[in-house]
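Computed from heavy atoms alone, side chains included, the values below leave out hydrogens, waters and symmetry copies. Each chain gets a letter, A, B and so on, in the order its sequence line appears, and its residues count up from 1.
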Amino acid sequence: MSELPRPRRPWDRTPAGEREYFDLLGGGLVALQPPRDRAPPGPGGWQPPHGGAWLHIGIDGRVRAFSGKVEVGQGTRTALALVVAEELRVPVGRVELVMGDTDLCPWDIGTFGSRSMPDAAPALASAAARALGELRAIAAARLECDPSEVDADEGEVWLAGRSPAISYGELVAGERRLVSADGQTAPGRPTGWSRAGRATIDPLAEEYVTGERRFGSDLSRPGMLHGAILWPPTHGARIRSLGDLPPPEGEARVVREGEFVGAVAGSAGAARALLRQLPVEWTASQLPGEAEIEGYLRSHPSTGDEWDREEDAAGDVDAAFAAAPVRLEATYRSAYVAHVPLEPHCALAEWTGDRATIWVGTQTPFRVRSEAARALGVPETDVRVIVPPTGSGFGGKHGGAVAIAAARLARAAGRPVRVAFDREEEFRHGYFRPMSLVDVRAAVDRSGRLVAWEFFNVNGGSASLLGPYRVPNRRVRNVLADSPLPQGSYRALAANPNTFARESAVDELARASGLDPLAFRERNLDDPRLLRVLYRAAERAGWATRTQCPGRGWGLAAGYEKGGRIATIAEVSVDGDRRLRVERLVSAFEAGAIVHPDNLRSQVEGAHGMALGGALFEAVHFTSAGVKNARLSEYRVPRFLDLPRIEVDLVDDREFPSAGAGESPMIAVAPAIANAIFDATGVRCRSLPLVPEGRVPSAGP
Amino acid sequence: MVRRRRDGAAAGPAGATVTRVHGVTSLRVNGTVHEVPTLPDRTLLRILRSELGLTGTKYGCGEGECGACTVLVRGAAALACRLTLGEVAGAEITTIEGLRGASGLTAVQRAFAEIGAYQCGYCTPGMVLRATAFLRERPEPTRAEIAGALNGNLCRCCGYGRILDAVERAAVRARENGEPL
């Protein structure tokens, strides 16, 4: 908890000239990139607003760069440090990222949607380029030369061809100078990078391997108590009656504020015990179980889903479908799955007078600040949210429930309070990747070209809905549903079910047309970058020279999402007992210029491993009474022995800006495996998970 | 009657916390003897984290499924969430904080750091300790044997390949350069 002091007001709510940059950080130079309003959709798709970036160069030459993004294990802390080091021409070890502190960092919508590289990296690069321009100007004045004659590298400047060098720290000594990026000093192009794009040792590596890294759940404050939340027995149930609360006993008390009921005590166990004693009655809720879920989702379209709707139509699908020789009508299903971050949700709140500080592992600190301020009835400027090192999120840590509970309980108790989920709460009271259904109706003409494409997703979401194929007659749309289980974001949320359905359907059509799955895609794709990863994956895997062996199969799938392009080839075996084994996954991936190759490889390989769980066996089971398998012993996630050989070919294309890479590498794994299972057995599996019990069914559903 | 709950708290039948302490028990952790209240059913995980402040040992599931709480008890890998004070009193316990010897990082730690065999890092202390215990027993393992030995430890970021790379590198270094494990 070595965070910087608290400013008078959050800096994102304070005009730049009034921020106490130099009082808090010391003298020197601050360069900032102003915020961006919502930009029109570009080639990378959705372009949300961002709060800009700022960085400070101190008289010791240290650089502190501020970003509203958070680090929850995806490695952007080092990647962004590399971007700053590159533009500023300093060793990467000299750059410290300050992330996810709502008092000090630029406003940010949240760390999701693979936006850290496309949004935070250019903003920081722009601020850094502006800072370097200013350093050159200061040096030029001192050396009595033109700024263009000043060279800079390794944190030093010198007059071209002469010495001695002057360090950045010396240049800014005695300064309290604030400059803003003006569009005049543009960041360098990736083709000229000398620091970014190379192997880099994480400056924090030692913390991770020695146990010194303090995660949110490792933090404590003097006098800290522990809190617990009273949860409804089923999603959507509300308190019907509660009666009088028991009187406080020493430090232990039950707290009710509107719908919120919680308890605080000397230990989490004691707080939970207090809640178990409450004579609470809940409203009954009529929810479907697993057997009825499909009909329920189809008949309960959600009303407030405009934010996640996509629609596209052209030509005459029905006529083209009726006239085509090769036709497919099928529904593809994806189960509810859980994020299972290894560190469960945890928050610690402390009040100083009327102002709260909340340490919480969240992907959306600024949203949590807003939610907490509203719930607590205080101005947003009185709530500081700090994201400590966090044990992963995968889209599962967007909400503010633990943060708000901790803050309410801390205020009531007059002491710092920590609220941490146990694993069962993590399963029951977070949210899941939605269950979804995709209805596909598609057809191919005699020359192997897609002529009709109807694609309707129920409850999965809109990402990757449109797909990369050229089809003249198409009708594509999605609708969300009122889910009986809480549902929300997830790593490559809708791109997973949509790519599973699309790439399975394309495989079915290719085989029905008598075409090789790669040749079929070639015939129907225009995107050269997607074709490139397809060819590279095929070459690496030996697609063209594969041989047909009994019980052995190959499957191919591809897609683009959030600016990343992936092609995955799965090789599977199915034994006499119909037991499935994924022998290897071979992928080629391209997401523009690679900033941090080692970390990118970890992200891409990890995405394959995570995708394998949802592809093969992960599923939340439930009845009308709620989730049945809310424990790790009952909800299986991938382990060492589950993983096949994973071979990844990373394509570094410096002609394109760096896209995020946390999500897109996941999306082709499940369909590649489903297609390989068909290749090996002739059985088409259209539901995820594909083999919950480990065996391929003898006939498809 | 004190019963152990899954979260490790001791709760009485009326729900209130029961604190029935009959003196103190000695616990040997990382070469130091600590006196902790004699609550024989309290989990080692809770004692390490809450009472001794050794937060490198992580909570992940409370039922021995994830390995985030792996420690060494008499040199063998063990799950701190499944062990009670009564079971470990008197035994020498090593946590991740105690692994660092006088010479700095161990071979396993160094290999994890160099390779970047972590993403969020929450599983890393447990992985490092599990791998350490394994390599001390089996200095020349195959990759498949390492995977089998570590299978009880979850990495939800699924950085399994990198972790296997790191353990392989540590094994070679320990064997050939005599780096301490």
Next item on the list: Against chain A, work out which of B:Leu164, B:Ile96, B:Thr124, B:Asn151 has the most heavy-atom pairs shorter than 4.5 Å and name it.
Entry: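 Ranked by heavy-atom pairs under 4.5 Å with chain A, first place is B:Asn151.
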Next item on the list: Considering non-hydrogen atoms only, spot the tightest contact between A:Leu632 and B:Glu65 and give its length.
Entry: CB-CB, 3.8 Å
Check: Given the options A:Glu249, A:Arg423, A:Gln74, which has more heavy-atom pairs under 4.5 Å with chain B than any of the others?
Finding: A:Arg423
Checklist line | Side chain, backbone, both or neither of A:Phe421 within contact of chain B (heavy atoms, under 4.5 Å) | finding: backbone
Notebook entry, point to check: Roughly how far apart are B:Tyr160 OH and A:Glu605 CD, rounded to 0.5 Å?
Noted result: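 Going from OH on B:Tyr160 over to CD on A:Glu605, the span is 13.5 Å.
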Note to self: Quick check: do B:Arg162 and A:Arg601 have side-chain heavy atoms less than 4.5 Å from each other?
What the structure shows: yes
Checklist line | Closest heavy-atom pair and its distance - B:Cys66, A:Leu342 | finding: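 Residues B:Cys66 and A:Leu342, closest heavy atoms: CB-CD1, 4.0 Å.
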Item checked: Heavy-atom pairs under 4.5 Å with chain B, option from A:Asp202, A:Leu612, A:Leu275, A:Thr210 with the top count ->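 Of the candidates given, the most pairs with chain B belong to A:Thr210.
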Next item on the list: Assess whether atom CD of A:Glu583 is packed by more than 12 heavy atoms of other residues, nucleotides or ligands within 6.0 Å.
Entry: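 Yes, the 6.0 Å shell around CD holds more than 12 heavy atoms from other groups.
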Check: For atom CD of B:Glu137, is the number of surrounding heavy atoms from other residues, nucleotides or ligands below 6.0 Å larger than 12?
Finding: no
Margin query: For A:Glu212, which atoms come within 4.5 Å of any heavy atom of chain B: side chain, backbone, both, or neither?
Written below: side chain
Next item on the list: Go through A:Val72, A:Asp598, A:Asn599, A:Thr390 and name the one with the most non-hydrogen pairs under 4.5 angstrom from chain B.
Entry: A:Asp598
Checklist line | Heavy-atom pair with the smallest gap, counting every atom of B:Cys157 and A:Ser392 | finding: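 Taking B:Cys157 first and A:Ser392 second, the nearest heavy atoms are SG-CB, 4.1 Å.
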Notebook entry, point to check: Taking side chain as C-beta onward, heavy atoms only, is A:Ser217 less than 4.5 Å from B:Arg49?
Noted result: yes
Check: If you measure from CG on B:Leu150 to CG on A:Leu641, what distance do you get to the nearest 0.5 Å?
Finding: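 Result: 9.5 Å between the selected atoms.
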Margin query: If you count heavy-atom pairs within less than 4.5 Å of chain A, which of B:Ala113, B:Cys155, B:Gly161, B:Cys158 leads?
Written below: B:Cys158
Checklist line | Top of B:Gly159, B:Ala147, B:Gly56 for chain A proximity - count of heavy-atom pairs under 4.5 angstrom | finding: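 The candidate making the most pairs under 4.5 Å is B:Ala147.
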Check: When heavy-atom pairs shorter than 4.5 Å are enumerated against chain B, which of A:Pro389, A:Ser602, A:Gly391 gives the highest number?
Finding: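 Ranked by heavy-atom pairs under 4.5 Å with chain B, first place is A:Ser602.
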Item checked: B:Glu35 atom CD: more than 12 heavy-atom contacts under 6.0 Å -> yes
Check: For the atom pair CD (B:Glu63) and CD (A:Glu424), what is the distance rounded to the nearest 0.5 Å?
Finding: 9.0 Å
Next item on the list: Mind listing the closest non-hydrogen atom pair of A:Ser267 and B:Arg46 along with its distance?
Entry: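 Smallest interatomic distance, heavy atoms only, reads CB-NH2, 3.5 Å.
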Notebook entry, point to check: Say you draw a straight line from SG of B:Cys61 to OH of A:Tyr635; how long is it, rounded to the nearest 0.5 Å?
Noted result: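 One finds 15.0 Å between SG of B:Cys61 and OH of A:Tyr635.
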Next item on the list: Measure from the side-chain N and O atoms of A:Tyr208 to the backbone N and O of B:Gly116, and report whether any donor-acceptor pair falls under 3.5 Å.
Entry: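 Flag not set: sc A:Tyr208 to bb B:Gly116 has no pair under 3.5 Å.
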Check: What class does the angle between the rings of B:Tyr122 and A:Phe215 fall in, given that below 30° is parallel, 30 to 60° is tilted and above 60° is perpendicular?
Finding: perpendicular
Note to self: So for atom CZ, which belongs to A:Arg581, do other residues, nucleotides or ligands contribute more than 12 heavy atoms lying within a distance under 6.0 Å?
What the structure shows: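 Not buried by this count: 12 neighbours or fewer within 6.0 Å.
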Check: Got a salt bridge between A:Glu343 and B:Arg156, using NZ or NE/NH1/NH2 to carboxylate O under 4.0 Å?
Finding: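 So A:Glu343 does not pair with B:Arg156 through a salt bridge.
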Next item on the list: Go through A:Glu207, A:His608, A:Glu618, A:Arg645 and name the one with the most non-hydrogen pairs under 4.5 angstrom from chain B.
Entry: A:Glu618
Margin query: Does any backbone or side-chain atom of A:His339 lie under 4.5 Å from a heavy atom of chain B? Answer side chain, backbone, both or neither.
Written below: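 When you check distances to chain B, only backbone atoms of A:His339 fall under 4.5 Å.
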Margin query: Quick one, B:Leu154 and A:Val340 - any side-chain contact, counting heavy atoms below 4.5 Å?
Written below: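 Contact flag for B:Leu154/A:Val340 side chains = no.
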Next item on the list: Please report the shortest heavy-atom distance between A:Glu206 and B:Leu105, naming the atom on each side.
Entry: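 Of all heavy-atom pairs spanning A:Glu206 and B:Leu105, the closest is CG-CD2, 3.8 Å.
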Next item on the list: Name the region of A:Arg636, side chain, backbone, both or neither, that has any atom closer than 4.5 Å to a heavy atom of chain B.
Entry: neither
Check: Is B:Lys58 close to A:Asp218 at the side-chain level, that is, under 4.5 Å between some pair of heavy atoms?
Finding: yes
